[in-house]
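What follows is a single structure, written as C-alpha cells, with notes after it.
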Amino acid sequence: MTRHGKNCTAGAVYTYHEKKKDTAASGYGTQRVRLGKDAVKDFDCCCLSLQPCKDPVVTKDGYLYEREAILEYILHQKTEIAKKMKAFEKQKQALKSEGQLESCSEEREKVEKFKKREGSIVSKPINPFISGQFKEMASPNGSVSSSVSSSSSASGTSVSSSSSSLPSFWIPSLTPESKPTLLKKPSKSVKCPMSGQPLKMSDLITVRFTPLDPSLDRVALLTRQDRYVCGVTKDTLGNSVPCAVLRPSGCVVTLECVEKLIRKDMIDPVSGDELKEKDIIVLQRGGTGFAASGVDLCAKEARPVMQA
C-alpha cells in the first residue's frame, strides 16, 4: 500500500492500517512492535550494558554479562533487599503494637461493661407486699411504660448509631479512608535480570573468547564484524552460530564441535579436565532477523482494553 493509500480517509472500508493507527493513538490495547537490528545484541555483548564485554562472565543459564556490570547489579539488589526487609520489620512491629493496643482496649471495654452491670444490680431486697415500688413500672391501663420507653430508646440509639457509622463522601468527618497496603516479606535471594533465577557471585563463570587475529588490539578488534572464532575448530562465531562455554576452561566453542568432538570422550580439549553434562553451557545469543533464530523479535506492551 502506498503512502497516500494509507492516509486515505474517504474509503468505505475500515482498513487494518487505520485500525492499527487508531489503536496506537487511543492508548488502549496491546501494542506489538517488530524489533530492528539496533535492538538485538551481539552474542559477545553484555545483557545489561549491551556493549561488547571486556571481562565476560556467564551464568548457568547461558546469559553473558560484563563482570563489573553484574557485580554492581548484585550489590545494588542486596542493598534494595536490605531496605525492603527493614521496612517489612518496621511494619511487623507496628502491627504487633496495634494488636496489643486493641487487646488492651477490648479488655478495658469488658471491664467497663462489667462495672455497669454490677452497678445496675439492686442491693436492697424487694418486698412483694409493698405496692409503691411498682407504681412507676405500670401504667393506668395495665401496660408497662418503662419497657416500651426503654425499647423505643434502644431502637432510637441503634438507628442513630447505624446512621452515624455509614460512610459519606460529602462530610469530611465521615469520609471513608483506605488502609495502607501491607508489604510482603521480600525474598533474600538475588535474581538474574534475564532468567529470573537465583544468582550468586560464585555461580559466575569466566569466559575466554578466542580472537580471530591475536595481533589486533581491543579497539581494532571491536571495529570488525567477525571478532572471535571457535577455540577448537577456528570457525567464525556470530549470532547465527550456536555456541557453548566449557566450564573448566571457559573456552567458547560451537555446538557442532560439541556434538561431533567433545561429547565422544567428554574431555575439555583446552584444559584436559573431564566434563559433565552441566559443564557444557549453551550461550544465549541475539537474534538474526529470521524467525527460526530462536529469539522473539516482537516487543509487546500490555495496556488496558475497552470491552463492550
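Nothing fancy with the numbering, it's 1 onward along the sequence.
- Taking NZ of Lys86 as the start and NZ of Lys83 as the end, the distance is 10.0 Å to the nearest 0.5 Å.
- Ile281 and Phe43 fall within the same hydrophobic cluster, defined by Ile, Leu, Val, Met, Phe, Trp and Tyr side-chain heavy atoms under 4.5 Å apart, directly or through other members.
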Review point. Going through the checks in order, is the side chain to side chain contact (heavy atoms under 4.5 Å, CB included) test met by Val252 and Cys230?
Key: CA-CA 6 Å; Val252 180; Cys230 175; over 6 Å; no

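- Put simply, the side chain of Thr79 gets close to the backbone of His76: a donor and an acceptor are under 3.5 Å apart.
- Counting heavy atoms of neighbouring residues, nucleotides and ligands inside a 6.0 Å radius, atom OH of Tyr16 does not exceed 12 of them.
- Interatomic distance, Cys257 SG to Lys234 NZ, rounded to the nearest 0.5 Å: 10.5 Å.
- The shortest heavy-atom contact between Asp213 and Ser215 is OD1-OG, 2.7 Å.
- Think of Leu95 as one node in a network of Ile, Leu, Val, Met, Phe, Trp and Tyr side chains linked at under 4.5 Å; its network also takes in Leu182.
- Other residues, nucleotides and ligands place more than 12 heavy atoms under 6.0 Å from the CD atom of Glu80.
- How far CD of Gln51 is from CG of Leu222: 9.5 Å, rounded to the nearest 0.5 Å.
- The same ILVMFWY cluster, assembled from side-chain heavy atoms under 4.5 Å apart, contains both Leu237 and Leu221.
- Residues that satisfy the salt bridge (Lys or Arg N to Asp or Glu O under 4.0 Å) test with Arg263, not counting sequence neighbours, are Glu259, Glu277.
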Practice item. For Gln31 and Thr23, run side chain to side chain contact (heavy atoms under 4.5 Å, CB included): C-alpha distance rounded to whole Å, both residues' side-chain angles, the deciding distance at 0.1 Å, then the answer. Key: CA-CA 8 Å; Gln31 284 285 93; Thr23 302; 4.1 Å; yes

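- Considering OG1 of Thr59 and CD of Gln284, their distance stands at 8.0 Å, rounded to 0.5 Å.
- With rounding to the nearest 0.5 Å, the separation of OG in Ser187 from NZ in Lys84 is 10.0 Å.
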Review point. Going through the distances and angles, do Arg227 and Leu212 end up as a side chain to side chain contact (heavy atoms under 4.5 Å, CB included)?
Key: CA-CA 6 Å; Arg227 295 188 285 267; Leu212 179 63; over 6 Å; no

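- The closest side-chain heavy-atom distance from Pro211 to Leu216 is not below 4.5 Å.
- Asp42 places no side-chain N or O within 3.5 Å of a backbone atom of Cys45 that could act as its donor or acceptor partner.
- Using a distance-only test at 3.5 Å, with no hydrogens or angles considered, no donor-acceptor pair links the side chain of Asp22 to the main chain of Lys19.
- Every pair passing salt bridge (Lys or Arg N to Asp or Glu O under 4.0 Å) that includes a residue from residues 54-75 is listed here, sequence neighbours excluded: Asp55-Arg67.
- At least one side-chain heavy atom of Met85 sits under 4.5 Å from a side-chain heavy atom of Pro186.
- Gly196 approaches Lys191 most closely through the heavy-atom pair O-CD, 3.4 Å.
- For the pair Ser97 (side chain) and Ala94 (backbone), a donor-acceptor distance under 3.5 Å is present.
- Side-chain atoms of Gln91 come within 3.5 Å of backbone atoms of Leu183 as a donor-acceptor pair (strictly under, hydrogens ignored).
- Lys92 is linked by a salt bridge (Lys or Arg N to Asp or Glu O under 4.0 Å) to nothing, counting only residues two or more places apart in sequence or in another chain.
- A donor-acceptor pair under 3.5 Å is absent between the side-chain atoms of Arg117 and the main chain of Phe114, judged by distance alone.
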Point to revise | Trace of the side chain to side chain donor-acceptor pair (under 3.5 Å) decision for Asp268 with Ser249 | key: CA-CA 7 Å; Asp268 192 336; Ser249 62; 2.7 Å; yes

Point to revise | From CA spacing to verdict: side chain to side chain contact (heavy atoms under 4.5 Å, CB included), Leu64, Val207 | key: CA-CA 9 Å; Leu64 194 71; Val207 179; 3.9 Å; yes

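- The CD atom of Glu109 sits 7.0 Å away from the CD atom of Glu106 when rounded to the nearest 0.5 Å.
- Leu199 belongs to a hydrophobic cluster with Leu48, Val57, Tyr63, Tyr65, Ile70, Leu71, Tyr73, Ile74, Leu75, Ile81, Val190, Met194, Met201, Leu204, counting contacts under 4.5 Å between side-chain heavy atoms of Ile, Leu, Val, Met, Phe, Trp and Tyr, direct or through other members.
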Point to revise | Verdict with supporting geometry, Lys260 and Glu256, salt bridge (charged side-chain N to carboxylate O under 4.0 Å, His left out) | key: CA-CA 6 Å; Lys260 293 183 178 181; Glu256 184 180 4; 3.0 Å; yes

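- With Lys41 as the fixed residue, the side chain to side chain contact (heavy atoms under 4.5 Å, CB included) test singles out one of Cys47, Ser49, Cys46, Pro52: Cys47.
- Residues Val232, Leu246, Val253, Val258, Leu261, Ile262, Leu275, Ile280 make up the rest of the hydrophobic cluster containing Met266, defined by ILVMFWY side-chain heavy atoms closer than 4.5 Å, directly or through other members.
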